[in-house]
Chemist: 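Can you read through this structure? Questions will come right after.
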Amino acid sequence: MTVAEGRAASVPAGGAGLAGSAGTAGEPAREGGFVVNLERYSGPLDLLLALIRREEIDIWDIPIARIADQFLQVIHVLGLDEAAEYLEMAARLLRIKAQMLLPRRGDEEPWEDPRHELVRRLLEYQQIREITDWLAAAARRRAEHYTRGWIPVPPDLPLPPPELDLTELVEAVERVLAMMPDPVMFRVMPRPLNVEGATRRVMDLLAERESFGWRELLGARPTIVDILSSLVALLELARGGTLTLAQRKAFTPFDVSRGPTYQAA
Amino acid sequence: MCPVDQRTRLLEAALFAAPRPLALDELAVLDADATEDDWRRALGELRDHYEAEGHGVELGEVAGGWQITTLPIFAEAIERAAFAARPAKLSAAALEVLAIVAYRQPVGRAEIEDIRGVSCGGVLRMLQERGLLDVAGRSEGLGRPILYATTPLFLELVGLPELSDLPRTDELAVALRPPQSPEP
Amino acid sequence: MCPVDQRTRLLEAALFAAPRPLALDELAVLDADATEDDWRRALGELRDHYEAEGHGVELGEVAGGWQITTLPIFAEAIERAAFAARPAKLSAAALEVLAIVAYRQPVGRAEIEDIRGVSCGGVLRMLQERGLLDVAGRSEGLGRPILYATTPLFLELVGLPELSDLPRTDELAVALRPPQSPEP
């Protein structure tokens with residue numbers, strides 16, 4: 001099987017659009033974040049139609065198992081088996097194939113052909129292809145009519161104000177946001193807490209003394225990270241009963257004492 | 001000698017100077033005394049003159065207006081001489097999107113992608129930048145998606161007077177065509 | 001009927017399509033069989049035809065070449081009609097730059113380019129020429145870059161009394177802020 005032959009034999013005139021040559025028939029799709037060479041097919045439906053035409057299959061009775069196998073083979077050969085759109089179609093074909101294999105339940109309910117939706121889409125797409133061919137031919141005819149090449153520059157009239165409306169502007173904002181790799185609404189700065197180090201300091205102090213004021217944990221100029229690390233360490237140790245926290249008087253720093261499960265390291 | 005009317009001469013000058021097809025109602029500004037019928041007569045006279053006298057140009061109706069263009073028989077020679085720049089050609093994908101928008105407008109991106117089976121954000125952007133598509137409003141649906149429509153420039157690109165001159169879908173062969181032999 | 005020669009028709013088509021005056025020796029490419037004298041004859045025939053038949057255009061020798069131009073007597077009418085440009089629409093790129101400036105002003109070019117990921121010097125200049133943006137001062141930063149802001153004409157065109165009437169200002173102004181380097 002040669003894919004190139006299949007394509008050449010199955011796509012009617014105009015498939016290459018205004019370009020008139022197969023080399024420019026498609027454009028690399030960059031939508032998914034990777035570049036796929038889609039020179040031969042403008043999408044999975046196009047490929048599917050090409051297969052159906054090549055095999056001279058009745059579109060209303062597609063041998064889905066055979067077509068699914070060929071589809072997988074072709075996207076593999078063309079290196080399209082990483083393109084989401086082709087994979088989605090492959091998955092759809094395999095699902096239909098599976099549904100076709102299910103035993104039909106007598107005549108309890110009317111059987112709905114699982115291929116139906118696919119056929120509808122193929123016919124719809126085929127119609128678009130015909131219109132595309134028509135437009136390409138019309139554009140080729142039109143291109144044989146040159147319009148005037150030299151247009152006199154209008155006398156120094158002030159340019160009229162451009163058309164602009166608010167909807168367009170907001171749409172532009174939305175396009176910009178969509179374009180930004182990661183529109184940031186709020187920025188959170190990760191600052192690693194050193195809970196382990198703080199825990200070690202607490203345990204060292206508890207080994208020395210039965211009780212101490214919690215501020216002794218902090219150095220002379222504690223950063224917010226030091227304070228938070230120490231608090232988290234104290235709360236963790238208090239939860240396990242290694243120490244107890246008590247505030248002797250309102251508005252005073254709390255004290256740290258050995259708890260019921262305290263064991264010297 | 002087959003002299004043409006003064007109004008026809010003015011019409012010719014205006015069509016020469018305009019960078020795009022001129023609609024009948026735009027011609028009115030040229031001469032306050034002339035009615036639309038007068039302009040129709042002048043257009044007819046100019047077209048007939050070009051045909052009868054053997055000119056290199058012709059008068060055509062496109063994109064809702066009238067425009068003078070060169071005759072197709074001279075296209076090859078002009079192309080060869082490379083006097084005139086051609087606009088960049090459109091890809092098959094771009095033409096497919098134009099075809100969908102032309103027939104379904106106003107239409108949203110999701111519907112276009114549904115029909116084509118591939119995403120087309122980049123193509124839509126390019127067509128908008130080239131002035132072939134434009135935003136026609138927003139759908140009432142979820143997220144109020146943008147709807148697209150074709151522009152007069154699209155009609156110029158394919159040389160059609162009006163959108164209604166596109167082939168009707170029932171004129172197209174909807175059923176699959178049999179395999180065709182490769183193009184020569 | 002006063003039909004013109006086939007070569008004269010080709011000449012007319014080529015002069016019509018060319019964006020500049022064509023010199024005698026450039027015409028040779030159009031038809032290998034024609035000599036310079038043939039082209040001289042064709043130029044004469046075309047000029048005479050325009051004069052005799054009462055056209056709206058004439059053949060003139062400009063800048064070392066030949067060009068078809070509209071007759072001066074029609075200049076005033078054409079100027080009055082001002083067909084020159086369609087009501088100008090801003091490109092998608094221009095709208096995006098304008099949107100960023102509207103929500104982030106005053107803002108420098110580097111910041112805009114950072115957000116959009118493409119350079120935008122030309123677009124900024126165009127928006128300034130169209131009176132939609134203006135220089136609002138200079139940043140204190142390195143090289144003291146120019147800062148841009150929108151103009152009263154911008155507000156007029158979008159139909160807003162104040163900048164604070166832009167929709168979703170709080171949310172979008174924050175969202176459009178480019179990522180900043182982490183604080184030390």
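Numbers restart at 1 for each chain; the letters A, B, ... are given by sequence-line order, proteins then strands. Atom set for the values below is all heavy atoms of this structure, side chains included, hydrogens, waters and symmetry mates excluded.
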Chemist: Indicate whether the side chain of B:Glu113 and that of B:Ser119 have a donor and an acceptor atom separated by less than 3.5 Å.
Modeler: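 Note: B:Glu113 and B:Ser119 side chains miss the donor-acceptor criterion.
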
Chemist: Using non-hydrogen atoms only, which part of B:Val57 is less than 4.5 Å away from chain A: side chain, backbone, both, or neither?
Modeler: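 Neither part.
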
Chemist: Counting only non-hydrogen atoms closer than 4.5 Å, does B:Gln67 touch chain A with its backbone (N, CA, C, O), its side chain (CB onward), both, or neither?
Modeler: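 Looking at B:Gln67, just its side chain touches chain A.
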
Chemist: By a 4.5 Å heavy-atom criterion (distance strictly below it), what part of B:Leu160 contacts chain A: side chain, backbone, both, or neither?
Modeler: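 When you check distances to chain A, only side chain atoms of B:Leu160 fall under 4.5 Å.
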
Chemist: Checking A:Arg121 against chain B: side chain, backbone, both or neither under 4.5 Å from a heavy atom?
Modeler: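 For A:Arg121, the contact with chain B is made by the side chain alone.
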
Chemist: Which residues pass the salt bridge (charged side-chain N to carboxylate O under 4.0 Å, His left out) test with A:Arg115, sequence neighbours left out?
Modeler: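 Checked A:Arg115 against salt bridge (charged side-chain N to carboxylate O under 4.0 Å, His left out); matches are A:Asp61, A:Asp113.
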
Chemist: Checking heavy atoms, do the side chain of B:Ile68, its backbone, both or neither come under 4.5 Å from chain A?
Modeler: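 The backbone, not the side chain.
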
Chemist: Sort and list the pairs that fulfil ring-ring contact (aromatic ring centres under 6.0 Å, His included) and have at least one residue in residues 145-164 of chain B, not counting sequence neighbours.
Modeler: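 Output for this query is empty, none listed.
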
Chemist: With a 4.5 angstrom heavy-atom cut-off, could you sort out which part of B:Glu58 is near chain A: side chain, backbone, both or neither?
Modeler: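 Contact with chain A is through the side chain of B:Glu58 alone.
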
Chemist: Nearest 0.5 Å, what's the CD-SG distance between B:Glu96 and B:Cys120?
Modeler: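 Between atom CD of B:Glu96 and atom SG of B:Cys120 there are 10.0 Å.
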
Chemist: Do the side chains of A:Lys97 and A:Asp69 get close enough for a salt bridge, i.e. N-O under 4.0 angstrom?
Modeler: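 Looking at A:Lys97 and A:Asp69, the cut-off is met.
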
